[in-house]
Amino acid sequence: MTGKFRLLAAAAGVALLAVGAGTAHADPVGAPTYRQLAGVGSDTTQGVMNAMAGTITINGTKVIGSYDATGSATVATQSGSACQALARPNGSGAGRTALLNSLGAANGCLQFSRSSSLNLAPATPGLTYVPFAVDAVTYAITPTSSLPRTMTLADLHAIYTCDPNYVGTGPNYSIHPLLPQAGSGTRSFWETTVGISDTDVVNHAYPCISDTKNGKPIEEHDGRVLDDNSVAPFSIAQYIAQGAGTLADLRGSALLGSINGTPSLLLNTGSAATREVYNVIPSTNVGTAPWSTVFVGSNSLICQQSSIIKTYGFGIDPNCGDTSKVTG
């Protein structure tokens, strides 16, 4: 290949944090079938929120229903007829939209959504993004990739803006930058990190970028889509949890690269592209139980679950339970 990365990168081993294992379910299991707080959305946080749903109780009863981003085409979130066949939302953006649709219809089908990115654009009704953990995102490549294991944000910007000195010339680019499917919170966060807009991506301003593989949308945190000439964003928390067997291992041969010289697996909070992850709730319910009990404040039931948060590869967020992030 030509340009910046002519030499093959050396493949270095990555030491994984030892964390506990869990059992994966696409939808809540056990009693009660329908929970007071049903939520959908982010793939990044579905594992940790599923674990919260299986642990947190009020007066001995489980109150969180967390529904995965992928699985059956529809979900049944509450007992009402309107809630029996909701299209399963895939990603933070889709989860936010589903929550707003439910609130607008006043059908009681959804009470929160999961989000791995912050979107404070105006919403009706208003939404509050309540952080509960810290994650970081870096890039993933294969062990024999033509890209190095350490790059700067400037390098990544050049790759994702299709600089021919980095990716070659089209239509057969020598490097293929990948993005997760539309609506993914990780996609949105990564676009901000590397300095591009989703509008430009959708309008094919950067023709070397792809968000599909073999004609199918790329699901985030799935390293099996990579080859030696591609690069994709990957949640560090997801990589840790998948490597430990806490979540299904979809890494394939993916290895994580380091941005600006910061090692990728240092408890996330020291990484170059750090982010909070959120549960999104109606602003009108911030002070109302069970939303307030489960999500709000440093002593909320979720913020007390530091062991679960760390088991799923996330860092502890000193702002856990904060309610200052409100849509315009």
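- The distance from atom CG of Leu301 to atom OG of Ser292, rounded to the nearest 0.5 Å, is 9.5 Å.
- Heavy-atom minimum distance, Leu178 versus Pro233: O-CD, 3.3 Å.
- Atom CD1 in Ile309 sits 11.5 Å away from atom OG1 in Thr45 (nearest 0.5 Å).
- Across all their heavy atoms, Val194 and His157 have their closest contact at O-ND1, 2.8 Å.
- A side-chain donor from one of Asp228 and Thr142 sits under 3.5 Å from a side-chain acceptor of the other.
- Side-chain contact annotation: Ser324 with Asp322, donor-acceptor N/O pair under 3.5 Å present.
- Side-chain contact check for Thr186 versus Phe189: every heavy-atom pair is 4.5 Å or farther apart.
- Of all non-hydrogen atoms in Ala121 and Thr327, the two that sit nearest each other are O-CB, 3.4 Å.
- Listed by chain and number, the residues in a side-chain hydrogen bond (donor to acceptor under 3.5 Å, both in side chains) with Asp43 amount to none (sequence neighbours excluded).
- By the salt bridge (charged side-chain N to carboxylate O under 4.0 Å, His left out) test, Lys62 is found to be paired with no residue, residues two or more places apart in sequence or in another chain being considered.
- A donor atom on one side chain and an acceptor atom on the other are not found under 3.5 Å apart for Arg149 and Ser258.
- In this structure, the side chain of Thr128 does not engage the main chain of Val326 through any donor-acceptor pair within 3.5 Å.
- The salt bridge (charged side-chain N to carboxylate O under 4.0 Å, His left out) check on Arg187 picks up Glu191, Asp198, Asp211, with sequence neighbours excluded.
- Between Ser72 and Arg88 there is a side-chain heavy-atom pair separated by less than 4.5 Å.
- Between the side chain of Asn50 and the backbone N or O of Gly47 there is no donor-acceptor pair closer than 3.5 Å.
- Under the 4.5 Å side-chain criterion, counting only non-hydrogen atoms from C-beta, Trp291 is not in contact with Val296.
- With sequence neighbours excluded, no residue forms a ring pair (Phe, Tyr, Trp, His ring centres under 6.0 Å) with Tyr67.
- Taking 4.5 Å as the limit, every side-chain heavy atom of Thr193 sits out of range of all side-chain heavy atoms of Val137.
- Sorted by first then second residue, the ring-ring contact (aromatic ring centres under 6.0 Å, His included) pairs that include residues 99-129, not counting sequence neighbours, are Phe112-Phe295, Tyr129-Tyr278.
- Without hydrogens or angle criteria, Gln111 side chain to Arg35 main chain gives no donor-acceptor distance under 3.5 Å.
- The shortest distance between side-chain heavy atoms of Ile302 and Ile56 falls below 4.5 Å.
- The closest side-chain donor-acceptor pair between Glu220 and Thr44 falls under 3.5 angstrom.
- Note that the OG atom of Ser115 and the CD atom of Glu276 stand 11.5 Å from one another [nearest 0.5 Å].
- A donor-acceptor pair under 3.5 Å is absent between the side-chain atoms of Thr246 and the main chain of Gln242, judged by distance alone.
- Side-chain atoms of Tyr173 do not come within 3.5 Å of backbone N or O of Ile209 as any donor-acceptor pair.
- Ser102 contributes no side-chain N or O that, together with a main-chain N or O of Leu99, makes up a donor-acceptor pair within less than 3.5 Å.
- Taking the side-chain hydrogen bond (donor to acceptor under 3.5 Å, both in side chains) definition, one finds that Thr199 meets it with nothing, sequence neighbours left out.
- Distance check: Leu156 CG to Leu147 CG gives 9.0 Å after rounding to the nearest 0.5 Å.
- Under the ring-ring contact (aromatic ring centres under 6.0 Å, His included) test applied with Tyr239, the options Phe234, Tyr312, Phe314 reduce to a single match, Phe234.
- Residues Asn229 and Ser146 come closest through the heavy atom pair OD1-OG, 3.0 Å.
- The two residues Pro282 and Leu127 come nearest to each other via the heavy atoms CA-CD2, 4.3 Å.
- Panel note: side chain Thr55, backbone Ala51; a donor-acceptor pair is recorded below 3.5 Å.
- Proximity of Ile141 to Leu226: side-chain heavy atoms (C-beta onward) are nowhere separated by under 4.5 Å.
- Note that OG of Ser283 is 13.0 Å distant from NZ of Lys325, once rounded to the nearest 0.5 Å.
- The shortest non-hydrogen separation linking Leu153 to Asn260 is N-OD1, 3.1 Å.
- Taking 4.5 Å as the limit, every side-chain heavy atom of Tyr34 sits out of range of all side-chain heavy atoms of Thr77.
- A distance-only check finds a donor-acceptor pair linking the side chain of Arg114 to the backbone of Ser42 [under 3.5 Å].
- Ion pairing between a basic and an acidic side chain is recognised when a charged N comes within 4.0 Å of a carboxylate O; Asp227 and Lys213 show such pairing.
- The closest donor-acceptor contact from the side chain of Thr152 to the backbone of Ala154 lies under 3.5 Å.
- Under the 4.5 Å side-chain criterion, counting only non-hydrogen atoms from C-beta, Thr311 is in contact with Ser307.
- Judged purely by distance below 3.5 Å, without hydrogens or angles, the side chains of Asn90 and Thr70 never pair a donor atom with an acceptor atom.
- The CD1 atom of Ile240 sits 10.5 Å away from atom CZ of Arg251, with the distance rounded to the nearest 0.5 Å.
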